[in-house]
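Notes for the one structure printed next.
Naming convention: chains lettered A, B, ... in sequence-line order (proteins, then strands); numbering from 1 in each chain.
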Number of protein chains: 2
Amino acid sequence: MNIGEVAERAGLPAKTIRYYEDIGLVKPPRDANGYRAFRDSDLHKLAFLARARALGFSIEDCRVLVGLYQDDHRASADVKRVAEEHLTRIDEKIAQLQGMRDTLATLVDACHGDDRPDCPILKDLAEGN
Amino acid sequence: MNIGEVAERAGLPAKTIRYYEDIGLVKPPRDANGYRAFRDSDLHKLAFLARARALGFSIEDCRVLVGLYQDDHRASADVKRVAEEHLTRIDEKIAQLQGMRDTLATLVDACHGDDRPDCPILKDLAEGN
DNA sequence: TATGGGGGTTCCAGTCATGGGAAGGTAAAG
DNA sequence: CTTTACCTTCCCATGACTGGAACCCCCATA
């Protein structure tokens, strides 16, 4: 398989796949013409990566997860720990965004949004209450 | 005021303030020795920027907001529009994270987390359901 | 046999909003 | 005078790509 087909099937841009090779996540062999010759196992791994990334795992987390995936003697506890830590980070991020959202929504609500200059949004940013 | 004091009072790292000057957000004059000599208005603007950034506005949004803030003839509608667009982006981001969170929480829940290799998390990543 | 199109390749630069650290000048304190 | 604490500029790194240039390769058609 060439990179185009793999990109299509894994749901990743070709650029991203080249990048993943660059950082050692996949190691497809090369054809005589220099083209990457992806095996089924490479495609499989890339699809795995695509899904892990879609769940927000960092590249380094992905590296760990792929390692665990390929290790028949892994302990599911190790996988779970990685996932739990990621879940915690996501929760923190959501909480942070939610805080912004609430403040922002209050301000937007308080703003008339007409052609006059008075604006509680700017007032808040300027004075910080 | 030197950069250290301004950093302290605006709640921004000195590095960040230098960066903001670099991209034209603030333009403090210089003393004879080359030190930045911040005026009250610079401090005020930097505090404004710090709060806008804390609400998640991008640097470009901040540039617009500062411009509106300094324009006595602004229409509050213009401010409100910027804030509403930002609010929408935040809501999208929260929804996206919430989706990840839910999937992840389900998977974590389903994983025994013991020393055996069977793991629904990896299974999901590998097969994608 | 040219030529055109649609693959593929590498390499370099840019994104966003900083942060780290080096190398050096300056000011305040003891 | 020396130490210490600032300040300056400059360049590199981050994460995870994305865009683009310049070039190679394979196949089909006129």
State, yes or no, whether a side-chain contact exists between [X] and [Y] at a heavy-atom distance under 4.5 Å.
{"X": "A/L49", "Y": "A/L65", "result": "no"}
{"X": "B/M1", "Y": "B/D40", "result": "yes"}
{"X": "B/H73", "Y": "A/P117", "result": "no"}

[X] has an atom [atom1]; how far is it from atom [atom2] of [N], in whole Å?
{"X": "A/E8", "N": "C/dG6", "atom1": "CD", "atom2": "P", "value": "16 Å"}
{"X": "A/N2", "N": "D/dC25", "atom1": "CG", "atom2": "C1'", "value": "11 Å"}
{"X": "B/E21", "N": "D/dT8", "atom1": "CD", "atom2": "C1'", "value": "11 Å"}
{"X": "B/M1", "N": "D/dC6", "atom1": "CE", "atom2": "C1'", "value": "16 Å"}
{"X": "A/L46", "N": "D/dC17", "atom1": "CG", "atom2": "P", "value": "12 Å"}
{"X": "A/R18", "N": "D/dG19", "atom1": "CZ", "atom2": "C1'", "value": "12 Å"}
{"X": "A/I23", "N": "D/dT14", "atom1": "CD1", "atom2": "P", "value": "12 Å"}
{"X": "B/D22", "N": "D/dC10", "atom1": "CG", "atom2": "P", "value": "9 Å"}

Kindly check if the number of other-residue, nucleotide or ligand heavy atoms within 6.0 Å of CD (B/E8) is above 12?
no
Which angle, to the nearest 10 degrees, lies between the helix axes at the two ends of the helix from C/dT1-D/dA30 to C/dG30-D/dC1, each defined by five pairs?
30°
Is there a chain of hydrophobic side chains (I, L, V, M, F, W, Y, each step under 4.5 Å between heavy atoms) that links A/I17 to A/Y35?
no
Taking every non-hydrogen atom, the tightest pair across B/V108 and A/K80:
O-CE, 3.3 Å
Does [X] come within less than 4.0 Å of [Y], counting only side-chain N to carboxylate O?
{"X": "A/K27", "Y": "A/E21", "result": "no"}
{"X": "B/E84", "Y": "B/R81", "result": "no"}
{"X": "B/D42", "Y": "B/R39", "result": "yes"}

Residues of residues 31-39 of chain B with any non-hydrogen atom less than 4.0 angstrom from an atom of DNA chain D: list those, numerically ordered, please.
B/G34, B/Y35, B/R36
Does a side chain donor of either B/S76 or A/D114 reach within less than 3.5 Å of an acceptor in the other side chain?
yes
So B/H44 and B/Y69, would you call those rings parallel, tilted or perpendicular, with 30° and 60° as cut-offs?
perpendicular
Per-nucleotide protein contact along nucleotides 11-20 of chain C, 5' to 3', at a 4.0 Å heavy-atom cut-off (B base, S sugar-phosphate only, - neither), is B-----BBSB
OP1, OP2 of C/dT10 versus side-chain N and O of A/R30: anything below 4.0 Å?
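Indeed, a polar side-chain atom of A/R30 lies that close.
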